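First up is the structure itself, then whatever we jot down about it.
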Amino acid sequence: MGKILDGKAFANELGQNLKEKVKKLKEEGITPHFCVINIGDDPASKIYVRTKKRRAEKMGIIQDIYQMPADTKQEEVLALIDKLNADPEINGLMVQLPAPEQIDADALLKRIDPNKDVDALTPANIGQLWMENHFVEPATAEGIIALLKHYQITLAGKRVVVIGRSNIVGKPVAALMLEENATVTVCHLYTKNLAEITRQADIVVSATGQAFLVNADMVKDGAVVVDVGMNHVNGKLVGDVDFDNVKEKASYITPVPGGVGPLTVQFLMEAVVKLTRRQNGRE
Ligand code: NDP
């Protein structure tokens with residue numbers, strides 16, 4: 001049976017260190033301060049925003065939430081981003097996605113000052129990521145790499161299959177795995193014979209939002225399985241992976257909840273502090 005990759009425990013360990021770092025910054029008169037812009041009433045987004053807020057408070061970081069109505073106009077959000085970009089008190093900002101239909105989310109991301117881009121989703125920071133010259137990284141991808149390293153799982157030379165190619169998870173995971181010298185295959189809805197491909201993987205990372213997509217037949221014995229998915233089935237939070245059966249074959253596996261999720265939130269906080277330190281000449 002596979003060992004559990006305990007993201008929650010690791011996030012708490014990292015949290016202790018970060019709290020100390022924030023405390024020291026505060027003693028120097030600097031309090032990390034970031035803003036989350038949430039447009040509309042997406043229930044999952046509201047939960048994510050609240051989860052971040054709780055974590056920020058725990059770390060000693062100030063998080064402002066700008067809750068905008070569902071019919072907000074693009075220009076209004078752009079004006080808010082401009083204001084926050086220009087405010088020296090604000091160290092970071094992010095737009096909670098998805099945004100309502102009338103909003104061009106890419107245009108919002110482009111408008112964020114890359115030096116305050118806590119999600120690392122501006123074109124400049126995405127470019128830096130692929131050039132292996134990055135200062136901040138998308139939190140989920142960074143959390144996955146850190147978790148695997150924490151459990152001393154070697155990435156160099158490993159065959160990694162990432163299922164999902166979003167800008168926020170799949171692509172940055174692929175970029176960071178490449179940087180770690182893994183051999184990476186990225187799969188998506190157009191991929192033929194998905195199971196044949198995943199069966200060759202030493203490490204499978206699934207980020208699709210399809211509950212139970214990854215079953216035991218799709219995983220080779222001893223593979224490492226990382227489940228990013230967050231899906232609600234009959235009122236229960238489950239991942240993309242058929243955990244009970246896949247864990248019998250895997251060498252290591254992340255649970256949902258308690259795997260990747262807590263690390264995403266923790267690494268967002270790490271990014272806020274990193275950017276705050278840099279903005280204050282403390283690199
Ligand atoms: P997106 O919907 O943006 O992307 C999903 C990706 O999965 C797409 O590339 C899509 O392919 C691919 N996909 C969907 N179904 C299949 C399938 N049957 N076979 C192969 N590929 C498939 O989602 P996100 O990347 O934003 O999020 C993915 C999941 O991760 C969600 O459940 C989300 O809630 C969760 N999540 C969890 C986080 C955490 O911290 N644990 C953080 C962020 C997200 P195509 O491109 O062809 O459409």
Side-chain angles (χ1 to χ4, degrees), residues 4-8 10-12 14-15 36 38 42-52 54-55 94-99 101 105-106 109 118-121 126 129 137-148 160-177 184-201 204-215 217-219 225-233 236-243 253-271:
I4 300 295
L5 294 167
D6 190 342
K8 193 174 174 192
F10 181 40
N12 286 337
L14 293 168
V36 180
N38 189 37
D42 182 67
S45 289
K46 287 200 163 167
I47 294 172
Y48 299 148
V49 171
R50 275 205 304 272
T51 307
K52 286 168 191 162
R54 274 202 301 271
R55 193 77 186 165
M94 60 167 288
V95 179
Q96 186 69 45
L97 298 175
E101 254 179 25
D106 285 349
L109 295 177
V118 289
D119 262 345
L121 287 177
I126 293 174
L129 182 73
E137 303 78 21
T140 307
E142 195 188 3
I144 290 170
I145 301 291
L147 181 67
L148 296 175
V160 175
V161 172
V162 182
I163 319 174
R165 57 172 165 178
S166 68
N167 289 332
I168 196 161
V169 189
K171 284 181 195 159
V173 168
L176 290 179
M177 288 289 188
V184 184
T185 304
V186 181
C187 302
H188 42 77
L189 271 175
Y190 291 78
T191 300
K192 295 196 174 101
N193 304 324
L194 180 64
E196 234 170 70
I197 297 168
T198 55
R199 272 198 290 269
Q200 294 171 33
V204 178
V205 180
S206 185
T208 69
Q210 301 298 313
F212 309 115
L213 174 72
V214 179
N215 61 42
D217 284 343
M218 293 170 69
V219 174
V225 180
V226 177
D227 190 353
V228 183
M230 294 209 287
N231 312 296
H232 289 275
V233 174
K236 203 178 149 211
L237 179 64
V238 298
D240 290 352
V241 175
D242 175 6
F243 181 83
I253 186 165
T254 59
V256 176
V260 175
L263 288 168
T264 297
V265 188
Q266 181 57 32
F267 275 94
L268 176 67
M269 301 303 145
E270 305 272 344

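When a ligand or atom number is given, it counts from 1 through the structure's own listing order. Values below: every heavy atom of this structure, side chains too, minus hydrogens, waters and symmetry copies. Bear in mind that the values here come from a model prediction, so they are computed numbers and not experimental data.
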Measure the shortest side-chain to side-chain distance between Ile168 and Pro138 over non-hydrogen atoms and say whether it is less than 4.5 angstrom.
no
CD1 (Ile197) and CE (Met218) are apart, to the nearest 0.5 Å, by 9.5 Å
In Å and rounded to the nearest 0.5 Å, what is the CG to CD distance from Asn12 to Gln266?
8.0 Å
Under 3.5 Å, side chain of Arg55 to main-chain N/O of Met269, donor-acceptor pair present?
no
Pull out every atom of ligand 1 sitting under 4.0 Å from any heavy atom of Asn231, numbered as shown with elements.
32 (O)
Can you tell me the protein heavy atom closest to atom 39 (C) of ligand 1 and the distance?
Thr264 OG1, 3.6 Å
Ring pair (Phe, Tyr, Trp, His ring centres under 6.0 Å) filter on Phe243, not counting sequence neighbours, yields none
For ligand 1, which atoms have a heavy atom of Ile163 less than 4.0 angstrom away?
20 (C), 21 (N)
Report the residues that fulfil side-chain contact (heavy atoms from CB on, under 4.5 Å) with Asn231, sequence neighbours left out, ordered by chain and then residue number.
Ala211, Val238, Asp240
Give me the residue, atom name and distance of the protein heavy atom closest to atom 29 (C) of ligand 1.
Gly209 N, 3.6 Å
Give me the residue, atom name and distance of the protein heavy atom closest to atom 18 (N) of ligand 1.
Leu213 CD1, 3.6 Å
Quick one: look up the protein heavy atom nearest atom 14 (C) of ligand 1 and list residue, atom name and how far away it is.
Thr208 CB, 3.8 Å
Could you establish whether Thr191 and ligand 1 come within less than 4.0 Å of each other, counting only heavy atoms on the residue side?
no
Of the backbone atoms (N, CA, C, O) and the side-chain heavy atoms from C-beta on, which set of Val228 has a member under 4.0 Å from an atom of ligand 1: side chain, backbone, both, or neither?
both
Between Cys187 and ligand 1, does any nitrogen or oxygen pair lie at a separation below 3.5 Å?
no
Proximal atoms of ligand 1 relative to Ile168 (non-hydrogen, under 4.0 Å):
26 (O)
Protein heavy-atom partner closest to atom 24 (P) of ligand 1 - residue, atom, separation in Å
Ser166 OG, 3.7 Å
Does the protein place any heavy atom closer than 4.0 Å to atom 2 (O) of ligand 1?
no
Can you tell me the protein heavy atom closest to atom 43 (C) of ligand 1 and the distance?
Val169 CG2, 3.7 Å
Hey, is Gln210 touching ligand 1 through its side chain, its backbone, both or neither, going by heavy atoms under 4.0 Å?
side chain
Please report which non-hydrogen protein atom sits nearest to atom 12 (C) of ligand 1, along with the residue it belongs to and the distance in Å to one decimal place.
Gly164 CA, 3.9 Å
Under a 3.5 Å threshold, yes or no: a donor from one side chain and an acceptor from the other, between Gln96 and Lys46?
no
Within this structure, what is the NZ-CD1 distance for the pair Lys52 and Ile47, rounded to the nearest 0.5 Å?
12.0 Å
Looking at atom 46 (O) of ligand 1, what's its closest protein heavy atom, distance included?
Arg165 NE, 2.7 Å
Report yes if some N/O of Leu189 lies less than 3.5 Å from some N/O of ligand 1; otherwise report no.
yes
